[in-house]
Amino acid sequence: CQTGEVAADPQLYDQSYLSPVTIGNSELMLDFDTGSADLWCFSTESPAVQSAGHGLYNPSTGTELDGAFWDITYGDQSAASGNVFADKVVVGGVTATKQAIEAATSVSYEFTEDVASDGLLGLAFSSINTILPQPQTTFFDTVRNTLAKAVFTVDLKKGAAGSYTFGYIDSSKYSGAITYVPVNTANGFWQFTADGYSGGGNNASTGRGGVAIADTGTSLLYLPASVAKGYYSGVQGASFDFRQGGYTLPCSATPPDFNVAIGGKTFTVPGSYINYAPLRAGSSTCFGGIQADSGIGFSIFGDVFLKAVYAIFDDSGSSPKLGFAAQ
Ligand SMILES: O=C(CCCl)NNC1=[NH+]CCN1
């Protein structure tokens, strides 16, 4: 029975978190992403102009999956595509002897520019893996029957290294009880229902929740437009800046805490997490950590929320469930 733990290292402004993964005989830094289901990495097949500065997977140690290809576009419209190999993957001591590795032959500029990241490791459900003609399993699905318990946990932190565990829940990482809620896998995400929101402005709607996904691959917290509007109505100097594509606030502001009710329990995102980052280096205007989920179709509980809790992604029972506990 395998169990393992790997660090989650924050990038600048906690824009993403990277973890070391051994693939074949390379160690790469991958962005673990519960909002997608492809394990892809830059490779010796990637054009040099796109892969400069990145760690590369060399498929020579793998076995090509003939005729298989992949092509993914993320919620932020970043994208990547390529071909597929089977190779050994080790994450925090947990080994998948034959894991589908998606070697990139083309990536969008967002990935080229993020030189610290060598690719993504998807932890959503394998039903949304993009490999054709035959979708392959995520790392978690590949190893889940060898794990002591079919769970992984997420302990992200603000501006500090957190961790992912596989096969066990670490009781030292949380306080109080874990609140579990059912997961709807119809869209391939760890999708759940939030009961309601409160905090912030005088009309951050309370009592009206909605459908949301837990997504480590998204930096911010995307909520119903009325909730985001209500929250910032209580923040001096905050406004919706259509040119920046969202709510901005003075970097000097200390926004109010934000509360989310899930499974009858309330989880608090400290206001400081919602003063996210300067629009560009040196700017005194910051981008908000809460934004409207308009056009997405559901809310996205990205890193701004996840770094306030200990999250348990549990597929050990008859149906998947999500657990949240105070960090
Ligand atoms: O694509 C999404 C949103 C799904 Cl609705 N999350 N995962 C991710 N990875 C890179 C950017 N975003």
Side-chain angles (χ1 to χ4, degrees), residues 2-6 8 16-24 28-41 43 57 62-63 65 68-75 79-104 117-154 163-168 183-192 213-218 306 311-317 319-322:
Q2 298 195 87
T3 62
E5 178 175 25
V6 69
S16 65
Y17 294 80
L18 301 180
S19 299
V21 176
T22 301
I23 305 180
L28 301 178
M29 293 302 284
L30 301 186
D31 177 359
F32 286 18
D33 180 9
T34 61
S36 69
D38 286 45
L39 194 174
W40 72 262
C41 45
S43 75
Y57 166 63
T63 308
L65 222 56
F69 63 94
W70 60 282
D71 187 339
I72 192 165
T73 301
Y74 296 98
S81 60
N83 47 34
V84 188
F85 298 83
D87 209 335
K88 184 171 116 169
V89 173
V90 184
V91 176
V94 174
T95 299
T97 47
K98 274 186 68 182
Q99 170 64 38
I101 309 294
E102 301 175 36
S117 171
D118 302 324
L120 271 69
L121 187 145
L123 291 168
F125 293 91
S126 300
S127 58
I128 57 172
N129 174 263
T130 73
I131 295 172
L132 290 176
Q134 176 60 40
Q136 301 296 309
T137 52
T138 64
F139 170 76
F140 176 61
D141 269 351
T142 304
V143 301
R144 49 172 296 169
N145 296 332
T146 68
L147 295 176
K149 186 175 168 62
V151 303
F152 64 90
T153 74
V154 175
S163 62
Y164 293 94
T165 72
F166 290 88
Y168 72 104
V183 164
N184 175 344
T185 63
N187 297 317
F189 299 119
W190 291 87
Q191 183 180 308
F192 65 102
I213 69 167
D215 182 4
T216 56
T218 290
L306 290 170
I312 294 92
F313 293 70
D314 185 328
D315 199 7
S316 67
S319 69
K321 60 185 183 180
L322 264 171

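Along the sequence shown, residues are numbered consecutively beginning with 1.
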task = Output the distance between atom CZ (Phe85) and atom CG (Leu65), rounded to the nearest 0.5 Å.
result = 9.5 Å

Reported OG1-to-CG distance for the pair Thr130 and Leu132, which is rounded to 0.5 angstrom = 7.0 Å

request  = Using modelled atom types only, decide if a donor and an acceptor are shared between the side chain of Ser163 and the backbone of Glu5 within a distance under 3.5 Å.
outcome  = no

ask   = Which heavy atom of Ala104 sits nearest a heavy atom of Ser43, and at what distance?
value = O-OG, 3.3 Å

task = Answer yes or no: is there a donor N or O on one side and an acceptor on the other, between the side chain of Thr216 and the main chain of Thr34, under 3.5 Å?
result = yes

note = Closest non-hydrogen atoms of Leu322 and Ala214, given as atom of the first, atom of the second and distance, are CD1-CB, 4.0 Å

query = Is the backbone of Leu30 close enough, under 3.5 Å, to the side chain of Asp118 for a donor and an acceptor to pair up by distance?
reply = no

message = Rounded to the nearest 0.5 Å, what separates atom OG in Ser36 from atom CG in Leu121?
response = 8.5 Å

task = Could you walk me through whether Tyr74 and Asp33 pass the side chain to side chain donor-acceptor pair (under 3.5 Å) test, one step at a time?
result = CA-CA 11 Å; Tyr74 296 98; Asp33 180 9; 5.1 Å; no

remark   = Nearest heavy-atom approach of Tyr57 to Cys41 is CB-SG, 3.5 Å

ask   = Which pair of non-hydrogen atoms, one from Ala68 and one from Pro133, has the smallest distance, and what is that distance?
value = CA-CD, 4.3 Å

note = Given the options Phe166, Trp190, Phe32, Phe313 meets ring pair (Phe, Tyr, Trp, His ring centres under 6.0 Å) only with Trp190

request  = Please name the residue in the list Phe139, Tyr164, Phe140, Tyr168 that meets the ring pair (Phe, Tyr, Trp, His ring centres under 6.0 Å) test with Phe152.
outcome  = Phe140

message = For Ser126 and Asp141, which I'm curious about, is there any donor-acceptor pair between the side chains at under 3.5 Å?
response = yes

request  = Using a 4.5 Å cut-off on heavy atoms from C-beta on, say whether the side chain of Trp70 contacts that of Val84.
outcome  = yes

Listed partners of Ile128 passing side chain to side chain contact (heavy atoms under 4.5 Å, CB included), at least two apart = Ala37, Ala124, Phe189

Below 3.5 Å, can you tabulate the donor-acceptor pairs from side chains in residues 94-103 to any protein atom, sequence neighbours excluded?
unit_1 : atom_1 : unit_2 : atom_2 : d
Gln99  : OE1    : Thr142 : OG1    : 2.6
Gln99  : NE2    : Thr137 : O      : 3.0
Glu102 : OE2    : Asn129 : ND2    : 3.1

ask   = Of all heavy-atom pairs between Leu39 and Ile23, which one has the smallest distance, and what is that distance?
value = CD2-CD1, 4.1 Å

query = In Å, rounded to the nearest 0.5 Å, how long is the span from CG of Leu120 to CG of Asp38?
reply = 9.0 Å

request  = Assess whether side-chain contact (heavy atoms from CB on, under 4.5 Å) is satisfied between Lys149 and Asp314, documenting all intermediate values.
outcome  = CA-CA 9 Å; Lys149 186 175 168 62; Asp314 185 328; 4.0 Å; yes

ask   = What is the distance from atom CG of Asp215 to atom CG of Leu123, rounded to the nearest 0.5 Å?
value = 10.5 Å

query = Looking only at heavy atoms, what is the nearest atom pair of Ala311 and Leu306, with distance?
reply = CB-CD2, 4.1 Å

request  = Return the set of residues passing side chain to side chain contact (heavy atoms under 4.5 Å, CB included) with Thr22 (not counting sequence neighbours), or none when no residue passes.
outcome  = Glu27, Val90

